[in-house]
Student: 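Quick one: the structure is below, questions incoming.
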2 protein chains.
Amino acid sequence: MSQRDHPTVQTTQTSLDILSTIQELDGARTTDIVAEHDVAKSTAHKHLTTLERAGYLRKDGEIYHIGFKFLNLGEYARERWSWFAPVKAAVEELADRTEEECDFVVDDHGRVITISESYHKWAKYGAGDGSKRYRANIGTYYPMHATGSGLAILASYPRERVEAIIDEWGLSAPTEHTITSRHELFAELDRIQERGYSIGDRYYAEGLRSVGKAVTGADGTVLGALSVSGPTYRIDGSVLDTEIPRALATVVDSLESELAETVP
Amino acid sequence: MSQRDHPTVQTTQTSLDILSTIQELDGARTTDIVAEHDVAKSTAHKHLTTLERAGYLRKDGEIYHIGFKFLNLGEYARERWSWFAPVKAAVEELADRTEEECDFVVDDHGRVITISESYHKWAKYGAGDGSKRYRANIGTYYPMHATGSGLAILASYPRERVEAIIDEWGLSAPTEHTITSRHELFAELDRIQERGYSIGDRYYAEGLRSVGKAVTGADGTVLGALSVSGPTYRIDGSVLDTEIPRALATVVDSLESELAETVP
DNA sequence: CAGAACGTTCGATTGTGCCAAACTATTAAG
DNA sequence: CTTAATAGTTTGGCACAATCGAACGTTCTG
């Protein structure tokens, strides 16, 4: 169902594909797996029991769900990630300064995934859902070309690496403003490089604007990107042109110098 | 390294064992895997590349780390869990009432894992580390016999199920107050059943006391447990005897009636 | 510059994952 | 109450893929 090629263990790949299917279907029974992949009933059964016994699946009646072991490993990956603590502090600092929703994402195999997220403490959101939406997006994947932070990261890559990512993931269009041609994309990336930060103007969701800036580690590689997001009516004018860029520049600067010290 | 028996896919098991090892070692290179498991270098290599390409591992130089895909699946498991929303609200409600750290855990294959956690908004912790510790424990596994919430869940199980859990996980002793004999444990469980809530008195950590209460779903099965934790000097006297039990009873009651309606 | 240590690639072999079919359990239908 | 149908579980034989070991390429170390 996914990538082929020799140097992979097909059996493991099958198990992982089954996991993906269960996630996509929001829970699945043995028969569903058989229908989705072309494997024998008994094979599906064996894979499912193996994953279940290891804690990667949870069996609710006859239906298998993604197990909580993933929560354990996911939180582990997040918090043991070398730069988690300073990055998290930076996200909070940025949220305090901008009074908007801020997050930090990293490139995970050609998509960005949210590692840390923070809202300004004086909730500004509609109808008191402030604290509830806290960390609502952590662990979510986004296409790189459709988010401010993703674009900021892409702008730091050599052209062929960007090409490779597009080859793999395409240029999906969540809204009608999303960049969908390579030509446009590279023009945008050039502009980002000059400007030093990116603007995701309703690329991912209608009415949403985000400003992103890449964060470079001590070794010169880009670790990820910080971004500020909010509704277009607030992220506009001088806020968009000067306030947020200035906050981003300050926070990224101090984060980068902190990272330079932290590394052994 | 773990369970054997027929109805499992050994190849998948090997991959999963490798994942565990990488977590335990806080990142590992190919050689480390070979040293830990008895597999050929080439085999380890194939497994590692398979897991890496699927996003389950992240390769940092020559060292493999747990990948961020786990974060994606973990958050998914958490938020798509049928009763997440009401449970999360209940944890926050409990934190508001008790002004202490509160959490909700579920039984995952004989250990409890923290699904939701909340601190009272007026941080009460030492030296301003309040917001920083937020959700520090989500995704963490604990032995059931050593936590208030775990004991509350155990108390709801038939004796043989408790025995089976002990057979698998033993009775580890994080502190010198931890219950380590089956006799003591069953006596404690009886007391919990009578009382209606559990007290974890420095069972897991010195100076920490927690009060737990099981939450029962509409179908009569126990979903998990809510608990309130804090330092022994605060969780004491009337707070321990009446205030917290009363708050727990109220919150669990309303949560259970909400759950009864929610389910189709 | 030699030597070691590690990652990667490549065939040969054998173990094991896969399928198909039988069996059991549960549910629906007549 | 019997029969049929659907889903899950278990079993055994075969072919293929996972495994191993050895060779190659690369990067560090002395």
Side-chain angles (χ1 to χ4, degrees), chain A residues 1-22 25-54 56-67 109 219-221 263-264, chain B residues 1-22 25-67 109 219-221 264:
Chain A
M1 175 155 265
S2 33
Q3 63 269 70
R4 4 84 281 143
D5 279 359
H6 311 117
T8 67
V9 186
Q10 289 174 33
T11 305
T12 298
Q13 190 62 52
T14 304
S15 284
L16 302 181
D17 288 344
I18 288 175
L19 283 174
S20 298
T21 303
I22 291 172
L25 299 183
D26 252 329
R29 40 178 48 230
T30 309
T31 320
D32 300 329
I33 302 298
V34 175
E36 213 71 22
H37 304 67
D38 67 338
V39 292
K41 235 187 336 178
S42 55
T43 306
H45 178 65
K46 263 183 114 179
H47 279 269
L48 290 167
T49 45
T50 305
L51 291 167
E52 198 260 333
R53 278 152 91 129
Y56 290 93
L57 288 178
R58 183 168 51 84
K59 197 175 180 178
D60 198 26
E62 302 289 354
I63 299 177
Y64 292 92
H65 293 273
I66 298 297
H109 296 258
D219 60 352
T221 62
V263 181
Chain B
M1 176 157 267
S2 31
Q3 61 270 69
R4 62 292 69 80
D5 279 0
H6 311 117
T8 67
V9 186
Q10 288 173 36
T11 306
T12 297
Q13 191 62 52
T14 305
S15 284
L16 300 181
D17 287 345
I18 288 175
L19 282 174
S20 297
T21 305
I22 290 172
L25 299 181
D26 251 328
R29 49 194 325 150
T30 308
T31 319
D32 298 329
I33 301 299
V34 175
E36 214 71 21
H37 305 66
D38 67 339
V39 292
K41 232 187 339 176
S42 53
T43 305
H45 178 66
K46 262 184 115 181
H47 280 268
L48 289 167
T49 46
T50 303
L51 292 167
E52 199 259 332
R53 279 153 90 130
Y56 290 92
L57 288 178
R58 181 169 51 84
K59 196 174 180 180
D60 198 25
E62 302 290 352
I63 298 175
Y64 292 91
H65 294 273
I66 298 298
H109 296 256
D219 61 351
T221 62

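In what follows, every chain begins at residue 1, and chains take the letters A, B, ... in the order their sequences are listed. Values below: every heavy atom of this structure, side chains too, minus hydrogens, waters and symmetry copies.
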Student: Any heavy-atom pair between the side chains of I22(B) and D32(B) that's under 4.5 Å?
Tutor: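 Heavy-atom side-chain distance check fails, nothing below 4.5 Å.
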Student: Side chain of A40(B), heavy atoms from C-beta onward: which of dC20(D), dA18(D), dT9(D) has the nearest atom to it?
Tutor: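 In terms of side-chain proximity for A40(B), the closest of dC20(D), dA18(D), dT9(D) is dC20(D).
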Student: Roughly, in whole Å, what's the span from CD1 in I33(B) to P in dC20(D)?
Tutor: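 The distance from CD1 of I33(B) to P of dC20(D) comes to 14 Å, rounded to the nearest Å.
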Student: Starting at atom CD1 of I18(B), determine the distance to atom C1' of dA18(D), rounded to an integer number of angstrom.
Tutor: 12 Å
Student: Y56(B) versus T12(A): any side-chain heavy-atom pair under 4.5 Å?
Tutor: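 The answer is no, as the side chains (C-beta and beyond) never meet within the 4.5 Å cut-off.
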Student: Are OP1 or OP2 of dG8(D) and a side-chain N or O of T31(A) less than 4.0 angstrom apart?
Tutor: yes
Student: Return the nearest nucleotide to the side chain of V39(A); candidates are dA18(D), dC19(C), dT16(C).
Tutor: dC19(C)
Student: Nearest of dA17(D), dG17(C), dA20(C) to any side-chain atom of Q10(A)?
Tutor: dA17(D)
Student: Just how far, in rounded Å, is P of dG17(C) from CG of L51(A)?
Tutor: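 L51(A) atom CG is separated from dG17(C) atom P by 13 Å.
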Student: Could you give the CD-to-P distance, from Q13(A) to dG17(C), as a whole number of Å?
Tutor: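 Distance check: Q13(A) CD to dG17(C) P gives 16 Å.
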Student: Is T14(A) close to H37(A) at the side-chain level, that is, under 4.5 Å between some pair of heavy atoms?
Tutor: no
Student: Check whether more than 12 heavy atoms from other residues, nucleotides or ligands sit under 6.0 Å from atom CG of D38(B), and answer yes or no.
Tutor: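 For D38(B), atom CG is not crowded (no more than 12 foreign heavy atoms under 6.0 Å).
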Student: Only one of R58(B), E52(B), R53(B) forms a side chain to side chain contact (heavy atoms under 4.5 Å, CB included) with H109(A), so which one is it?
Tutor: E52(B)
Student: Let me know, please, whether T12(A) or R29(A) comes out on the 5' side of the other along DNA chain D by nearest nucleotide.
Tutor: R29(A)
Student: Relative to the 5' end of DNA chain D, which residue comes earlier, K41(A) or T11(A), by the nucleotide with the nearest heavy atom?
Tutor: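 The residue mapped nearer the 5' terminus is K41(A).
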Student: Round to a whole Å and report the spacing from NE2 of H47(A) to P of dT10(D).
Tutor: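 H47(A) atom NE2 is separated from dT10(D) atom P by 16 Å.
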Student: Given atom NE2 of H37(A) and atom C1' of dC19(C), what is their separation to the nearest angstrom?
Tutor: 17 Å
Student: Hey, does the side chain of T30(A) come within less than 4.0 Å of dG8(D)'s phosphate (OP1/OP2), counting only N and O?
Tutor: yes
Student: Expressed in angstrom and rounded to an integer, what is the separation of Y64(B) atom OH from dC6(C) atom P?
Tutor: 14 Å
Student: Quick one: is dC18(C) close enough that its OP1 or OP2 comes under 4.0 Å of any side-chain N or O from H45(A)?
Tutor: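 No, outside the criterion.
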Student: If you compare every side-chain N and O of T43(A) against the phosphate oxygens of dG17(C) (OP1, OP2), does one of them come in below 4.0 Å?
Tutor: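 No.
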Student: Would you classify D38(A) as touching base, sugar-phosphate or nothing, given that sugar-phosphate means primed atoms plus P, OP1 and OP2, and contacts are heavy atoms under 4.0 Å?
Tutor: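 Sugar-phosphate only.
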Student: Can L57(A) and L19(A) be said to form a side chain to side chain contact (heavy atoms under 4.5 Å, CB included), step by step?
Tutor: CA-CA 8 Å; L57(A) 288 178; L19(A) 283 174; 3.6 Å; yes
Student: K46(A) has an atom NZ; how far is it from atom P of dG15(C), in whole Å?
Tutor: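 The answer, rounded to whole Å, is 15 Å.
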Student: Side-chain contact, heavy-atom cut-off 4.5 Å: H47(A) with T11(A)?
Tutor: yes
Student: Would you call E36(B) and L25(B) a side-chain contact if the rule is heavy atoms closer than 4.5 Å?
Tutor: yes
Student: Could you tell me, to 10°, how much the axis swings from one end of the helix from dT8(C)-dA23(D) to dG30(C)-dC1(D) to the other, five pairs per end?
Tutor: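 Helix axis angle between the two ends: 40°.
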